[in-house]
Amino acid sequence: MPVLGICYGMQTMAAQLGARSRAATLREFGYAEIRAQGHSKLFDGIQDKTNAQGHGLLDVWMSHGDKVTALPAGSRYRFQRGHTDCSDG
């Protein structure tokens, strides 16, 4: 069963499943747009708007100062914010 974690939800699920995280050099708080990477039935029809290239975007609220540096086995990054994936920041 696919499960989606964004921001702290991703960090806490990853930690519970054995992933590594560390303090980020940049704390993030507030509104952000994220874009799905790859196609999945989990994301069918889920978008708040599209960008100039026609990619679906989701509006999210972020509040964190840590980042996941290694995903749990079998997990994949599926969203990107700006020009960075979830492991950057």
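- The salt bridge (charged side-chain N to carboxylate O under 4.0 Å, His left out) test applied to Asp66 returns no partner, not counting sequence neighbours.
- When hydrophobic clusters are built by joining Ile, Leu, Val, Met, Phe, Trp and Tyr residues whose side-chain heavy atoms come closer than 4.5 Å, directly or via intermediates, Val68 is not grouped with Leu17.
- Under a hydrophobic clustering in which Ile, Leu, Val, Met, Phe, Trp and Tyr are joined whenever their side-chain heavy atoms come within less than 4.5 Å, directly or via other members, Phe29 and Tyr31 fall into the same cluster.
- What you find for Ala32 and Met62 is that their closest heavy atoms are CB-CE, 3.6 Å.
- Alongside Leu57, the hydrophobic cluster contains no other residue (criterion: ILVMFWY side chains under 4.5 Å).
- When all heavy atoms of Pro72 and Ala19 are compared, the closest pair comes out as CD-CB, 3.5 Å.
- Residues Asp59 and Asp48 share a closest heavy-atom pair of N-OD2, 2.6 Å.
- Residue pairs meeting the salt bridge (charged side-chain N to carboxylate O under 4.0 Å, His left out) criterion with at least one member in residues 2-15, sequence neighbours excluded, do not occur.
- Distance check: Arg35 CZ to Thr50 OG1 gives 12.0 Å after rounding to the nearest 0.5 Å.
- Here CD of Glu33 is found 4.0 Å from NZ of Lys49. Values are rounded to the nearest 0.5 Å.
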